[in-house]
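The next block holds one structure in the form of structure tokens; read it before the comments.
Proteins get letters first, then strands, A, B, ... in listed order; numbering begins at 1 in each.
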Amino acid sequence: MAVQKLPIAKAINESLRTALETDPKVLVMGEDVGKLGGVFRVTDGLQKDFGEDRVIDTPLAESGIVGTAIGMALRGYRPVVEIQFDGFVFPAYDQIVTQLAKMHARALGKVKVPVVVRIPYGGGIGAVEHHSESPEALFAHVAGLKVVTPSNASDAYWMLQQAIQSDDPVIFFEPKRRYWDKGEVDTEAVPADLHKAVVAREGTDLTLVAYGPMVKVCLEAATVAAEEGTSIEVLDLRSISPLDFDAVQKSVEKTRHLVVVHEAPVFLGSGAEIAARITERCFYHLEAPVLRVGGYHAPYPPARLEEEYLPGLDRVLDAVDRSLAY
Amino acid sequence: MAVQKLPIAKAINESLRTALETDPKVLVMGEDVGKLGGVFRVTDGLQKDFGEDRVIDTPLAESGIVGTAIGMALRGYRPVVEIQFDGFVFPAYDQIVTQLAKMHARALGKVKVPVVVRIPYGGGIGAVEHHSESPEALFAHVAGLKVVTPSNASDAYWMLQQAIQSDDPVIFFEPKRRYWDKGEVDTEAVPADLHKAVVAREGTDLTLVAYGPMVKVCLEAATVAAEEGTSIEVLDLRSISPLDFDAVQKSVEKTRHLVVVHEAPVFLGSGAEIAARITERCFYHLEAPVLRVGGYHAPYPPARLEEEYLPGLDRVLDAVDRSLAY
Amino acid sequence: MTVDSAASTGAARTPRKRTAASKTAKKSPGRTAAAKGKSDLVQLLTPEGERVKSTEYDTYVADITDDALRGLYRDMVMARRFDAEAVTLQRQGELGLWPSLLGQEAAQVGSARATRDDDYVFPTYREHGVAWCRGVEPENLLGMFRGVNNGGWDPNTNNFHLYTIVIGSQTLHATGYAMGIAKDGADSAVIAYFGDGASSQGDVAESFTFSAVYNAPVVFFCQNNQWAISEPTEKQTRVPLYQRAQGFGFPGVRVDGNDVLACLAVTRWALERARAGEGPTLVEAFTYRMGAHTTSDDPTKYRADEERVAWEAKDPILRLRAYLENHTDTGAEFFTDLETESETLGRRVREAVRGMQDPDRMAMFEHGYADGHALVDEERAQFAAYQASFAEEGA
Amino acid sequence: MTVDSAASTGAARTPRKRTAASKTAKKSPGRTAAAKGKSDLVQLLTPEGERVKSTEYDTYVADITDDALRGLYRDMVMARRFDAEAVTLQRQGELGLWPSLLGQEAAQVGSARATRDDDYVFPTYREHGVAWCRGVEPENLLGMFRGVNNGGWDPNTNNFHLYTIVIGSQTLHATGYAMGIAKDGADSAVIAYFGDGASSQGDVAESFTFSAVYNAPVVFFCQNNQWAISEPTEKQTRVPLYQRAQGFGFPGVRVDGNDVLACLAVTRWALERARAGEGPTLVEAFTYRMGAHTTSDDPTKYRADEERVAWEAKDPILRLRAYLENHTDTGAEFFTDLETESETLGRRVREAVRGMQDPDRMAMFEHGYADGHALVDEERAQFAAYQASFAEEGA
Ligand SMILES: Cc1ncc(C[n+]2csc(CCOP(=O)(O)OP(=O)(O)O)c2C)c(N)n1
Ligand SMILES: Cc1ncc(C[n+]2csc(CCOP(=O)(O)OP(=O)(O)O)c2C)c(N)n1
Ligand SMILES: [Mg+2]
Ligand SMILES: [Mg+2]
């Protein structure tokens with residue numbers, strides 16, 4: 001059946017399954033992706049159905065995982081790599097930044113390295129250190145990479161399809177705290193462009209820009225605000241590099257107020273770039289400075305404090321109020 | 001003699017020498033820092049004078065260098081680590097981000113890891129790939145690190161002294177294309193606060209914010225602009241984390257125009273944060289959006305194109321003109 | 001943390017000078033063995049609890065009296081009891097996660113009791129038994145798994161570093177620390193724990209290189225518990241792990257990780273090498289993770305229960321108990337007293353955890369920096385004002 | 001890139017099926033040698049140019065006729081000549097930098113000539129001699145050192161990957177590529193070059209782990225040229241590097257890197273192991289960097305000239321010349337012709353470099369992405385408009 005109601009984790013699993021079925025060059029690799037099906041069960045059942053040769057349990061070495069994936073891509077494969085948690089991508093950072101991101105340009109376009117790096121990211125799951133981070137800006141700043149993140153099951157399915165089909169390396173951030181949120185997935189739909197933002201809710205008074213796990217929070221904020229008479233437009237960015245500034249601009253030209261929300265620390269987070277660029281593009285439209293709600297300049301706190309650290313409904317609405325009060 | 005005219009590289013050398021002399025816990029380590037004195041001769045003569053035990057040629061492994069430096073810091077040493085070029089810091093990125101940056105907080109303040117990571121950075125020296133990058137935003141986004149960069153010999157000497165004395169890990173970016181620019185160093189002066197910006201030139205019409213290698217370009221731009229009747233204030237940030245927003249704000253409240261210049265790619269570069277935050281702080285003061293001049297979203301180009309890629313006088317003045325034309 | 005200091009906490013640190021034993025370490029046996037690439041498993045106590053003679057290692061445990069053996073037994077039982085309590089607390093929702101050491105008590109207690117107070121220990125996240133022997137308050141280990149902090153003890157109190165979660169990272173810290181010891185001219189040593197999975201990380205290889213090149217006094221203690229979450233050791237290596245060391249120029253030796261006496265002997269030997277200036281050693285403790293990887297894990301997905309059952313026969317505690325019962329005059333009272341004592345520990349830990357307060361929300365702005373940071377100050381102030389605004393509303 | 005394909009460029013790719021030789025590789029000598037930890041240097045040609053018998057490796061060069069030897073000699077001379085020209089061009093300001101291969105010709109030519117066209121090569125930044133044998137247009141190597149590009153050839157034309165500057169990275173790419181070959185069921189193999197310094201990088205260790213675990217058909221060819229810029233090999237390891245492999249479960253062998261015949265034989269053996277499904281091999285070519293690290297380097301700061309002088313006596317080209325002169329009917333004409341040919345190469349390269357155009361400034365916006373990127377499009381357009389504004393001003 002083409003339309004199913006699936007949790008995000010399962011939508012990703014289905015997307016991987018589709019990719020493995022339709023393209024023999026697609027590989028899935030990572031720590032514990034085989035029999036265990038990944039620590040989040042995202043790759044559940046894939047090794048059983050596609051064999052150890054295509055769904056590969058790797059040694060515990062992230063640089064090795066990405067580095068060998070690059071080699072396999074050079075050989076014509078399309079590896080989809082899983083990094084177990086956000087905080088464990090850094091041993092692979094060198095391979096991602098100096099090799100994966102630059103190899104196509106280095107070769108003047110003569111080789112392609114279509115590697116997808118899947119990273120469950122973000123907090124809110126009560127985990128220990130290194131399991132709750134949002135390092136997307138550290139990848140988006142680097143030319144040669146594309147960085148995307150779905151917020152719902154349908155996007156999870158389709159954006160991963162598109163990421164795998166892309167000839168560019170794609171860092172695919174998965175909002176782990178939303179893995180079990182269900183949504184409709186139409187596997188025969190015509191998906192939106194991978195790198196375009198979508199309006200998740202229309203509104204007229206203020207624009208909330210978010211992506212991944214924060215879209216849900218922003219939609220809730222919009223609902224609450226609506227009850228209070230404020231009409232909020234929620235934009236789901238979906239892609240952080242490239243970032244759909246046109247869509248943000250269009251919304252802001254209408255609403256004249258912009259608040260950006262992400263879990264990552266505010267300082268040099270993607271909100272900084274959005275604020276800078278939208279202010280440039282909409283200097284005469286903005287009635288208030290772009291406000292940002294995000295993490296603090298502190299290591300991600302222990303789980304018992306994460307609700308204080310993470311942008312929640314109250315902090316988003318506070319920023320909305322401050323923006324509208326200008 | 002207390003006052004000397006020194007090139008930046010030599011000022012750093014003197015600063016390391018002073019540190020080695022005054023604190024037996026200070027160590028210098030890195031690839032080729034010993035007999036060779038580093039590929040830029042910044043550590044010239046130090047091993048000869050302080051021995052192999054304190055000026056340590058390391059195996060060729062950046063993660064190992066930073067990781068063992070952390071261990072030595074836990075033992076009470078104050079290692080000053082050299083990364084040979086900007087593009088080679090990434091193998092150490094994991095140790096820097098997950099260990100060095102977080103260990104003090106992880107231990108609830110019970111341990112300190114006073115490691116300085118010196119990184120010659122930036123382009124303009126006609127080098128091959130990986131030798132001309134400006135990755136400062138990738139460190140400044142990470143809580144737990146401090147990120148500084150001098151633009152002249154006196155700051156090179158003093159800021160390194162302060163970085164070594166700091167109990168926090170400091171990423172010390174050295175503007176390699178300026179290594180041979182001379183300036184006066186007073187080794188008995190009372191230095192400015194490590195994390196405060198300084199006004200490098202006063203002006204009234206527009207503020208240029210820069211750091212490291214771009215300060216010189218901005219000062220030149222200010223000179224040219226002055227001839228054309230425009231009075232530019234140039235702010236040398238010196239510290240990127242923390243970033244002295246108060247100083248920028250103060251200047252912008254006066255000039256009402258701000259242009260930020262750095263070599264790093266504009267997208268998610270430190271200019272984004274400055275633009276976002278200063279717009280928030282100075283929303284009613286700014287007569288133009290904050291403009292940014294920097295690198296493009298492309299891998300650092302081959303040397304023959306770097307002058308096109310790097311912000312130069314013309315591009316800075318163009319931004320000045322655009323800002324003032326608002 | 002010598003064997004005799006059976007008291008679990010707060011042992012005063014007593015640095016020692018080089019002993020005669022350490023000076024003779026040069027001619028010690030395992031070194032030659034390793035150089036020969038000997039693949040034997042060092043074992044001093046069979047699974048049935050019979051003492052095996054070892055011309056090579058017996059000298060390293062010659063001082064171990066029956067009392068000392070009982071001390072080791074007690075350590076293992078206490079560690080297991082503590083661990084079981086933590087698993088229960090996790091099930092009850094008091095902890096977010098717990099990585100159980102079940103099955104690895106001998107590897108941890110044997111190696112830890114070989115260390116001196118002035119040695120330094122760099123653990124992974126599973127070294128609860130080592131922490132116990134080092135004198136870390138057991139409840140302090142639970143804070144990070146409850147989510148109230150990221151490391152709840154002062155590493156310098158017991159020379160026991162914080163748990164490190166990013167696999168392999170700590171081996172470099174251990175090496176650097178050991179390099180520092182060498183610089184200081186001290187004769188203490190460092191022990192770095194890591195797992196079979198960790199052996200694949202580049203950092204571990206780099207720590208081997210650095211420690212060999214600088215001849216750092218560090219013992220790499222690899223607990224090969226056969227699994228890295230769901231991956232068996234074959235996914236990390238195709239030869240026994242202890243052999244890895246040879247190619248870096250230092251000896252590696254495989255010890256029965258479920259034999260506390262052998263672990264003690266081999267680690268003592270390795271630490272003495274370190275003290276004697278002979279540089280690093282790799283000890284592979286061949287053991288088994290009897291439980292799940294953590295309380296979040298479901299091992300039925302990837303391993304047959306027979307495997308665990310087979311390893312149960314090699315249980316580290318049972319074999320020492322068999323030895324104590326059959327070859328010493330340890331009375332039944334010792335075991336019942338110990339059970340009482342361990343139950344007391346369980347209760348104490350349970351109460352301590354339940355009484356653990358959530359940190360104040362402002363704590364998240366603390367300790368990011370030792371010397372302060374303007375942005376943190378700004379954000380702290382904004383956050384405080386924001387919180388205060390609710391209070392005002394409420395008022 | 002077999003020995004017979006002496007033509008330097010554009011050799012057609014001729015994949016071969018598994019040969020009898022490769023099937024018998026299991027019993028091959030070096031493997032046992034390595035397993036035994038044999039430290040002998042494999043040498044087939046002494047520095048004086050005398051042929052040394054080797055029961056182990058002679059079979060691997062049994063097909064090497066005098067003509068083939070002359071081919072190898074020619075390769076080395078051409079590589080050296082090309083290299084010298086590049087050094088000169090750097091001095092003249094035509095190149096920004098040049099890493100000379102001087103002294104490493106035998107290691108490079110011997111190993112490269114062991115590869116088949118359908119094998120794949122992952123070089124560092126110094127494998128000019130390998131590039132030559134693979135048929136890469138020499139002038140293409142110069143682009144990145146002139147600063148006109150970051151890699152001036154299509155890797156798939158000669159199965160010769162781009163130069164990799166970040167030390168050690170390419171060993172993982174090589175391993176992944178080899179894993180892909182295995183997946184394809186092809187019988188080609190991969191050779192990964194790296195230096196003594198690189199052996200310390202975590203990536204290299206991880207490539208050893210991955211290649212061993214997946215039994216990937218890859219040969220790790222380490223040119224131990226004694227120096228990593230200013231650091232002697234002792235700063236990277238305290239035992240011979242070829243031994244590193246054992247601890248990862250595959251053989252390592254040390255070959256005289258200045259003996260082109262031995263390098264050919266040992267690499268053939270290793271490649272046949274790979275083709276036969278026996279997995280990775282580490283070859284350490286013991287050689288010497290006779291020049292500076294790069295044209296930017298000043299070796300007088302850190303090494304005694306006597307060392308270089310001593311190694312001159314082991315020059316790879318001189319020893320083969322001695323052999324050719326003393327043991328074959330190679331006439332003087334061969335050498336004079338070759339000199340002419342190499343001078344022609346020098347001239348051609350010189351002219352090609354001088355004629356190399358700077359790239360168009362818009363090129364910096366190209367190839368960042370295969371599928372395009374909105375921000376790049378925007379910046380490209382802005383930049384073009386900005387440039388056009390000068391044209392307008394000028395007009
Ligand atoms: C760099 C990194 N990658 C992945 C993980 C996730 N992870 C936690 S424990 C573990 C397995 C570790 O296995 P091993 O080293 O054998 O130790 P054990 O858990 O068996 O004690 C993994 C993959 C991590 N913590 N760090
Ligand atoms: C990750 C990294 N760190 C540092 C450098 C700078 N660097 C370039 S070559 C070199 C020495 C390499 O030595 P070796 O591996 O022995 O190769 P060789 O140059 O001798 O051929 C160094 C340190 C680099 N390119 N990459
Ligand atoms: Mg394990
Ligand atoms: Mg070398």
Looking only at side chains, do Y214(C) and T68(B) share a donor and an acceptor under 3.5 Å apart? no
Test Y163(C) against H128(C) for ring-ring contact (aromatic ring centres under 6.0 Å, His included), laying out the working first. CA-CA 10 Å; Y163(C) 277 178; H128(C) 323 312; 5.7 Å; yes
Any ring pair (Phe, Tyr, Trp, His ring centres under 6.0 Å) involving residues 49-83 of chain B? Give me the pairs, sequence neighbours left out, ordered by first then second residue. none
Could you tell me which of [options] has the largest number of non-hydrogen atom pairs under 4.5 Å with chain C?
| options | result |
| --- | --- |
| L27(B), L243(B), V111(B), T58(B) | T58(B) |
| D168(B), D246(B), D167(B), V113(B) | D168(B) |
| D244(B), V66(B), I70(B) | I70(B) |
| Q99(B), K112(B), M103(B), R54(B) | Q99(B) |
| S166(B), S63(B), A73(B) | S63(B) |
| A105(B), P59(B), G109(B), A61(B) | P59(B) |

At a heavy-atom separation under 4.5 Å, does [X] approach chain C through its side chain, its backbone, both, or neither?
| X | answer |
| --- | --- |
| I65(B) | both |
| K102(B) | neither |
| T98(B) | side chain |

Between [options], the one whose heavy-atom pairs under 4.5 Å with chain B are most numerous:
| options | answer |
| --- | --- |
| V376(C), I165(C), D184(C), T209(C) | D184(C) |
| T171(C), V213(C), V166(C) | V166(C) |
| A370(C), G180(C), A374(C), G151(C) | A370(C) |

Using 30° and 60° as the class boundaries, would you call the ring planes of [X] and [Y] parallel, tilted or perpendicular?
| X | Y | value |
| --- | --- | --- |
| Y211(B) | H262(B) | tilted |
| F88(B) | H130(B) | tilted |
| Y125(C) | H293(C) | perpendicular |

For [X], is it the side chain, the backbone, both or neither that has a heavy atom under 4.5 Å from a heavy atom of chain B?
| X | result |
| --- | --- |
| A174(C) | neither |
| Y120(C) | neither |
| I181(C) | both |
| N149(C) | side chain |

Just to verify, which of L162(C), T164(C), V121(C), T175(C) counts as forming a side chain to side chain contact (heavy atoms under 4.5 Å, CB included) with Q170(C)?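 Only one option passes, and that is T164(C).
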Can you tell me how far apart OG1 (T207(B)) and CG (L235(B)) are? Round to the nearest 0.5 Å.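 Answer for the OG1-CG pair, T207(B) versus L235(B), is 7.0 Å.
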Would you name the heavy atoms of I164(B) and R78(B) that are closest together and state the gap between them? O-NE, 3.0 Å
Looking at every non-hydrogen atom in both residues, tell me the closest pair between G64(B) and L172(C) and how far apart they are.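 Minimum heavy-atom separation between G64(B) and L172(C): CA-CD2, 3.6 Å.
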Heavy atoms under 4.5 Å from chain B: which residues of residues 192-207 of chain C carry them?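 Result: D203(C), E206(C).
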When you check the gap from the basic side-chain N to the acidic O, do R116(C) and D187(C) get nearer than 4.0 Å?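 Yes, this pair counts.
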Counterpart residues, side-chain contact (heavy atoms from CB on, under 4.5 Å), relative to A69(B) (two or more places apart): M29(B), P79(B), V81(B), V115(B)
Identify every side-chain donor-acceptor pair in residues 189-198 of chain B under 3.5 Å, counting partners at least two apart or on other chains, and give the distances.
from: D193(B); atom 1: OD1; to: H195(B); atom 2: N; distance (Å): 2.8
from: H195(B); atom 1: ND1; to: S239(B); atom 2: OG; distance (Å): 2.8

Can you spot which of R277(B), R281(B), E280(B) makes a side chain to side chain donor-acceptor pair (under 3.5 Å) with Q249(B)?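 Among R277(B), R281(B), E280(B), the one meeting side chain to side chain donor-acceptor pair (under 3.5 Å) with Q249(B) is R281(B).
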